[in-house]
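To start, the structure under review is shown below, and the notes come after it.
Order of appearance sets the numbers: ligands from 1, and atoms from 1 within every ligand. On a predicted model such as this, the values are computed, not experimentally measured, just so you know.
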Amino acid sequence: MPLRRFLAVSAAALLLGATSACGQEANGSSGGRLDVVTAFYPLKFLAERVGGDAVRVSQLTKPGAEPHDVELTVRQVAEISDAALVVYLRGFQPAVDQAVAQRSKRGFDAGEEVELLPAGEHDHEAGEEHQEGAGHEGDEHAEGGTDPHVWLDPARYAAIADALAVRLGTIDPERAAAYTERARTLHAELDALNGEYAAKLKTCARREFVTSHTAFHYLADRYSLKEIGITGITPETEPSPQRLAEVAERAKATGATTIFFETLVSPKVAETVAREAGVGTAVLDPIEGVDESRADYFSVMRANLTALATALGCSS
Ligand SMILES: [Zn+2]
């Protein structure tokens, strides 16, 4: 190695050593911006909107990938260790939960900021090994028994934005007012979205909708709808033939016109049920990953609202 290059590398190594020797203050910031690691798209969107130009946001789930079963690279685990803040949702991605528990004291668990609904409240297990109406606690949803899909409720999502602003303000007090201000703007936009949903879904011919994986329970709960999920809260679960037949029956009985499938997993299961029930299919996107060149949280939420209102025969 030429001497000059050797010296440069040594200097960099020294600098690196000096930086980590300073401990916490030196960690997690680059060029005055805080390094914020986020677990998947809706949390990335929140961190970008609330953090603005004060943060540098990265995402652990590859854009467009299904996030439930994400696996982390060695580099990503190191990013988690070094981040000023790790924004995640405990119980959603086991690999992230584990890395945060082992490698970071600077985790922000979005699920701690809102009331979570129990996973077992879904309809999707009824009629299998469970008695109708019996409690579904303690079944396959081992991880604490809560449903992680909170971002599909604009009100809960707004509450998480507010809490994130507070947290960023404690890490970076000089810019606390800016975080609060950006969260207030986002909160107002989410309130408007909530208003659109409430108005459009107020008067509908039907209130039950069938989805492939059970991701829309918070949304259904907010707007007095009922979701019938074909698979469980993780999309990989293979539904039994009985389950498919049962959902098709239920869809027919409620006069459903549409079985929803989603963008990141195969539509096969939804198509099977739709064929059996003699109805069509359409997309309802759980916003677990978004192609950011074409869409964002708000555009997908509005597309979902249009799809739901059409399928349910809503009048306004
Ligand atoms: Zn999901």
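Side-chain contact of Glu271 with Thr281: a donor-acceptor pair under 3.5 Å is absent, judged by distance alone.
Applying the ring-ring contact (aromatic ring centres under 6.0 Å, His included) definition to pairs two or more places apart or across chains, those involving residues 183-209 are Tyr197-Tyr223.
Aromatic ring centroids of Phe216 and Phe260 lie 6.0 Å or more apart.
Side-chain contact between Phe40 and Leu60 is absent, with no heavy atoms from C-beta onward closer than 4.5 Å.
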Legend entry - Steps toward side chain to side chain contact (heavy atoms under 4.5 Å, CB included) verdict (Glu249, Glu246): CA-CA 5 Å; Glu249 271 316 304; Glu246 183 189 284; 5.6 Å; no
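Around the Zn ion (ligand 1), the protein atoms of type N, O or S found under 2.8 Å away are His68 NE2, His149 NE2, His213 NE2, Glu288 OE2, listed by chain and number.
Under the 4.5 Å side-chain heavy-atom criterion for grouping Ile, Leu, Val, Met, Phe, Trp and Tyr, Leu164 is connected to Val36 within one hydrophobic cluster.
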